[in-house]
Number of protein chains: 2
Amino acid sequence: MNDNGRDADPTRGDAPTFSPLYRQIKGLITRGLQAGDWKPGEAIPSETELAARFGVSQGTVRKAIDELAAENLVVRRQGRGTFVATHHEERAQFRFLRLRRDGGGDPGPMDSRILECRRLRAPVEVARLLQLRAGEAVVFIRRLLSFESRPTVLDDIWLPGALFRGLTAERLAASVGPLYGLFESEFGVRMIRASESIRAVAADPEVAVRLSVIPGRPLLQVERVTFTYEDRPVEVRRGLYVTEQFHYFNELG
Amino acid sequence: MNDNGRDADPTRGDAPTFSPLYRQIKGLITRGLQAGDWKPGEAIPSETELAARFGVSQGTVRKAIDELAAENLVVRRQGRGTFVATHHEERAQFRFLRLRRDGGGDPGPMDSRILECRRLRAPVEVARLLQLRAGEAVVFIRRLLSFESRPTVLDDIWLPGALFRGLTAERLAASVGPLYGLFESEFGVRMIRASESIRAVAADPEVAVRLSVIPGRPLLQVERVTFTYEDRPVEVRRGLYVTEQFHYFNELG
DNA sequence: TAGTGGTCTAGACCACCGT
DNA sequence: CGGTGGTCTAGACCACTAA
């Protein structure tokens, strides 16, 4: 391990790029996370333990974990250890839902209602985004989010059928907490990052009914593709947001 | 400097919070940036030089600069040095303009046309956001961004009058490159970060004419407050985006 | 008190850039 | 080649948590 090797992943077609030791260590730890060596919410081995195991210095392991923490794969807690990130407990799921009350601060308690959940053949656009073959099976979910019994977000969600076998409306209704928490503990699919494309659209009649707005009303359309380890897309989502008392919030660093 | 002091800034009302050495060093470097010790685009002193100057180890300076680089205040270039970030050269100003072509990739060459530039008393809402007294002077700018001669973004911009004394329509028209580049080199105001609130709205008649759309058409409304050092707000901006062939792009980490 | 992450140091060496 | 940032090490000590 100490020969400071070049190119930890020679399968990539890039130039013979150099990979520092801490990045290789990061890769090893990531593989452990992916393989489920430690479950979400559990602690991973201590930095010294990992350093010994991999035969490198503690500072090198530290730098690897620094990056994992920056990517939210792992959470450090001083004096306690380093823990596998989870979509449960994790205070506020507002990491992925960027909706804020106009006054500022997060919207209050959220009510989620499943309107539909069935299997179908992936529409071409969805298949493309999920990197599936055209017509492959997907799970389709339609749900409505309300705040203070005010319908606010109508979400259409597509998931690869192969990864979400037993997913039914009953299972969704029975579950509490965030959807991504369910996906994580019931299907072993961890959502890591996402990219969103946002547009303004007019409410069509069907949507208008669901969201209790006048047809033609401007809505925020948020198209999301969500990725798990190794940048594999595992969810496509199209949300329509009523932005009367709420807005989509973003920070530009 | 080596007594590992507590609370570098005792004026804050917070708990007697502990401030590690590297953070104090970061503060010193930040003050240097703010004071203009090194101009945008120039190199700051080397890590070893700064370490000697502050009487700490090079690793400590390094960690300070790590954070500054993460906040985009500074840019590292291996083998060359560390440079003060600038809104000029800096490849692509798409750090603050999150507009993308629907096919993917950035919109092509941008045409900016100044429609208005005058001084006025700050509207209450703008005054509040800029932390000015009600009625204080602000510079108001209205401009239109077009891509391939297709009007796409209508921006209303408010700036504190005190900071932007000689700013006129002529000066704006004469300048090339991004607005924030002009603000930086002509007025010494560096935009560091911003927060945006996004809604869907209907085009009112006046706006519709400017953007060549039918009145009532849904538009993306992007309200931005931009900050300089020490989180001082120095710009309020309200943009209306036509999202037919473009969209607002966002990454969720 | 023992164990964990967090800070700091001093020194070695590597990768990259300009001259 | 010399100078810069980038990596890696080994060891010391501090801050926090839980038993």
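Within every chain, numbering begins at 1; the chains are lettered A, B, ... in the order of the sequence lines, protein sequences first and strands thereafter. Treat the numbers as computed from the prediction; the structure is a model and nothing was measured. Atom set for the values below is all heavy atoms of this structure, side chains included, hydrogens, waters and symmetry mates excluded.
- When distances are taken from the side chain of B/Y22 to each of D/dT4, C/dA15, C/dT7, the shortest belongs to C/dT7.
- Judged by a 6.0 Å distance limit and a 45° cone about the ring axis, B/R77 is positioned over the six-membered ring of B/F83.
- Picking from D/dC8, D/dT9, D/dG5 the nucleotide with the shortest atom distance to the side chain of A/V56 gives D/dT9.
- Checking C/dT4, D/dT4, C/dT9 against the side-chain heavy atoms of B/L21 singles out C/dT9 as nearest.
- Annotation: A/E251, atom CD; neighbour count of heavy atoms from other residues, nucleotides and ligands within 6.0 Å is above 12.
- Between C/dG6 and A/R62, a contact under 4.0 Å exists linking OP1 or OP2 to a side-chain N or O.
- Which of D/dT9, C/dG5, D/dG5 sits closest to the side chain of A/S57 comes down to D/dT9.
- Atoms CZ (B/F54) and P (C/dT9) sit 13 Å apart, rounded to a whole Å.
- Of the candidates A/R98, A/R238, A/R224, A/E196 forms a salt bridge (charged side-chain N to carboxylate O under 4.0 Å, His left out) with just one, namely A/R224.
- Taken residue by residue, residues 30-42 of chain B places no heavy atom nearer than 4.0 Å to DNA chain D.
- Contacts of residues 74-85 of chain A with DNA chain D (heavy atom under 4.0 Å): A/Q78, A/G79, A/R80.
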For A/F249 and B/I198, what are the C-alpha separation, side-chain angles and deciding distance, and is it a side-chain contact (heavy atoms from CB on, under 4.5 Å)? CA-CA 6 Å; A/F249 184 73; B/I198 306 174; over 6 Å; no
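- When the C1' atom of D/dG3 is taken as reference, atom CG of B/L50 falls 15 Å away, rounded to whole Å.
- Nucleotide D/dG6 holds its C1' atom 15 Å from the CG atom of A/D66, rounded to whole Å.
- Checked against a 6.0 Å centroid threshold, the rings of B/F183 and B/F164 count as neighbours.
- Per the geometry, CD belonging to B/Q58 stands 14 Å off P belonging to C/dC8, to the nearest Å.
- Remark: P of C/dT7 and CZ of B/F18 are 8 Å apart, rounded to the nearest angstrom.
- Look at CD on A/E67: it is 12 Å from C1' on D/dG6, rounded to the nearest Å.
- Between the CD1 atom of A/I44 and the NZ atom of A/K39 there is a distance of 15.0 Å, given to the nearest 0.5 Å.
- One can place CD of B/E47 at 15 Å from C1' of C/dG11, the figure rounded to the nearest angstrom.
- Close to D/dC8, at under 4.0 Å from its OP1 or OP2, lies no side-chain N or O of A/K63.
- Distance from the side chain of A/T60 is smallest to D/dT9 among C/dT9, C/dT7, D/dT9.
- Between the side chains of A/R199 and B/Y248, no donor N or O sits under 3.5 Å from an acceptor N or O.
- With ring centers used as reference points, A/F147 lies under 6.0 Å from A/F246.
- Note that B/R193 lies in the cation-pi zone of B/F227, set by a 6.0 Å cut-off to the ring centre and a 45° limit from the axis.
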